[in-house]
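When reading the values below, keep in mind they use all heavy atoms of this one structure, side chains included, and skip hydrogens, waters and symmetry mates.
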Amino acid sequence: MVRGLDHVVMPVHDLAAAAAAFERLGFTTSPENRHSWGTANRLIQLDGFFLEILSIADDSLITETDGSTFSFGGFNREFLKKREGASMLVLDSADPKIDRSDFERAGLQLYDPFSFERVANRPDGTTAQVGFDLTIVGDPESPEIGYFTCHNRFPENFWQPALQNHANGAQTVKAVYMLAKDPSDHHEFLGGFTGQREMRATSLGLELETARGQVVVLNPRAYRSLIGDKAADAVSGDLPQITALEVGCKGLKTRQVVPANDLFGLTLILSPTG
């Protein structure tokens, strides 16, 4: 079973400022939501995919990763000590039990199952209960990237048409870009994680077609050539890392690249779509 892109987690120090930056680019952002373990988020919803802009709201509530027990809050708090940007790549899930079985067969490092519910704050002031089952895996070759699948228990409450109406015409996720010294080091893990064993491998990197959008892993030379000098110059920190998100926008005439230096550590590519 090939999984699709579900969301990307993007930790920032100032949640309101980051949301405002995306709004200036024509995106609609959700009201702030809170997690019981000390983080807060605001979401940008597309068609079946979302960007989770995340901040630390109450550090006293955050626990630590301990053995097979993974701490979402702890992971992102530690990430923010080094930089802002995209910290976690998340795929969709039809059944967390199937995900776990698939990952075990693929030999991936698995953490304990994790499920939670929270209140979703809607733009009209109402609230709804949402819930998720996470199947979290680790990749020793990319320790500063978090990976999990997300099973949405109440999609009818989570997905909100008002949040999917963007002034810039944003509709779909086209690709998540990762930067790695040697992209071939990551083909086994990403194949097992996505369920996509057929991938395009060249001297530039890897390209995996998921059920919703692509995962593209590029080497530094290819990233500079394909995404641009400003985006490449904005990359800081150890590799591999998630560096860019490409969004398809209806009505857009030409491709636009907003480099990470201008957008809290994540390069954003806005591309024309039908």
Side-chain angles (χ1 to χ4, degrees), residues 1-11 37 48-50 52 54 63-79 85-116 131-153 173 175-201 205-219 237-243 245:
M1 178 176 63
V2 178
R3 299 170 184 86
L5 297 174
D6 186 83
H7 68 280
V8 165
V9 180
M10 178 185 174
W37 54 82
F49 174 90
F50 64 98
E52 180 178 9
L54 188 85
T63 60
E64 306 300 330
T65 295
D66 183 13
S68 62
T69 302
F70 184 86
S71 171
F72 178 92
F75 180 88
N76 285 287
R77 180 198 58 200
E78 295 306 305
F79 183 93
S87 64
M88 309 184 87
L89 176 63
V90 188
L91 303 181
D92 60 14
S93 170
D95 187 328
K97 292 181 180 179
I98 292 177
D99 294 342
R100 195 164 192 86
S101 176
D102 287 348
F103 296 157
E104 286 176 344
R105 284 198 300 272
L108 304 188
Q109 176 191 357
L110 274 161
Y111 289 93
D112 296 339
F114 180 64
S115 300
F116 70 97
F132 308 93
D133 303 305
L134 311 186
T135 305
I136 305 166
V137 295
D139 175 21
E141 297 292 333
S142 51
E144 294 189 12
I145 301 176
Y147 301 93
F148 61 92
T149 60
C150 181
H151 176 245
N152 192 333
R153 293 188 200 164
V173 60
V176 171
Y177 290 86
M178 297 171 60
L179 184 59
K181 292 179 181 178
D182 187 350
S184 64
D185 290 343
H186 308 282
H187 80 278
E188 281 294 334
F189 172 82
L190 289 172
F193 181 49
T194 63
Q196 176 59 277
R197 292 298 184 177
E198 296 182 8
M199 59 190 78
R200 183 171 178 262
L206 301 174
E207 187 177 292
L208 293 84
E209 194 73 42
T210 80
R212 182 185 297 106
Q214 294 181 328
V215 176
V216 181
V217 190
L218 299 173
N219 62 42
D238 296 332
L239 301 182
Q241 60 178 266
I242 303 167
T243 52
L245 175 67

Worksheet item: Between Asp92 and Phe49, does a side-chain contact (heavy atoms from CB on, under 4.5 Å) hold up when you go through it step by step?
Response: CA-CA 9 Å; Asp92 60 14; Phe49 174 90; over 6 Å; no

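Ring geometry for Phe103 against Phe193 counts as tilted: the plane angle lies between 30° and 60°, on a 0 to 90° scale. Between Phe72 and Trp37, the angle of the ring planes goes over 60°, which puts this pair in the perpendicular group of the 30/60° scheme.
Counting all heavy atoms, side chain and backbone alike, Cys150 lies closest to Phe132 at SG-CD2, 3.6 Å. Nearest heavy-atom pair, His186 versus Asp182, reported as atom, atom and distance to 0.1 Å: CD2-O, 3.6 Å. When every heavy atom of Pro11 is checked against every heavy atom of Asn76, the shortest pair comes out as CG-OD1, 3.6 Å. Between Glu209 and Val2, the closest heavy-atom pair is O-CG1, 4.0 Å. Contact detail for Pro183 and Leu206: the closest heavy-atom pair is O-CD1, 3.1 Å. In this structure, Ser93 and His151 approach most closely via the heavy-atom pair O-CD2, 3.4 Å.
Residue Asp6 holds its CG atom at 10.0 Å from CD of Glu52, rounded to the nearest 0.5 Å. Atom CG of residue Leu190 and atom CG of residue Leu208 lie 6.0 Å apart, to the nearest 0.5 angstrom. The distance from atom OG1 of Thr194 to atom CE of Met1, rounded to the nearest 0.5 Å, is 11.0 Å. Within the model, atoms CE of Met10 and CD1 of Ile242 stand 11.5 Å from one another, a figure rounded to the nearest 0.5 Å. We find the CD-CG distance between Glu144 and Asp139 to be 12.5 Å, quoted to the nearest 0.5 Å. Interatomic distance, Phe114 CZ to Thr135 OG1, rounded to the nearest 0.5 Å: 12.0 Å.
Using a 4.5 Å cut-off on side-chain heavy atoms (C-beta onward), Leu89 and Leu5 make contact. Two residues are said to be in side-chain contact when any heavy atoms from C-beta on lie closer than 4.5 Å; Arg197 and Glu188 meet this criterion. Counting heavy atoms from C-beta on, the side chains of Val137 and Phe189 come closer than 4.5 Å.
Shown are Thr149, Asp99, Thr210; of these, the side-chain hydrogen bond (donor to acceptor under 3.5 Å, both in side chains) with Arg3 is made only by Asp99. Between Met88 and the choices Val9, Ile145, Leu54, Val8, the side-chain contact (heavy atoms from CB on, under 4.5 Å) rule is met once, by Val9.
A donor-acceptor contact shorter than 3.5 Å links the side chain of His187 to the backbone of Ser184.
Judged by distance alone, the side chains of Tyr147 and Ser142 do bring a donor and an acceptor atom under 3.5 Å apart.
Within 6.0 Å of atom CZ in Arg153, more than 12 heavy atoms from other residues, nucleotides or ligands are found, so the atom counts as buried in its surroundings.
Residues Arg77 and Glu64 are paired through a salt bridge, judged by an N-O separation under 4.0 Å between the basic side chain and the carboxylate.
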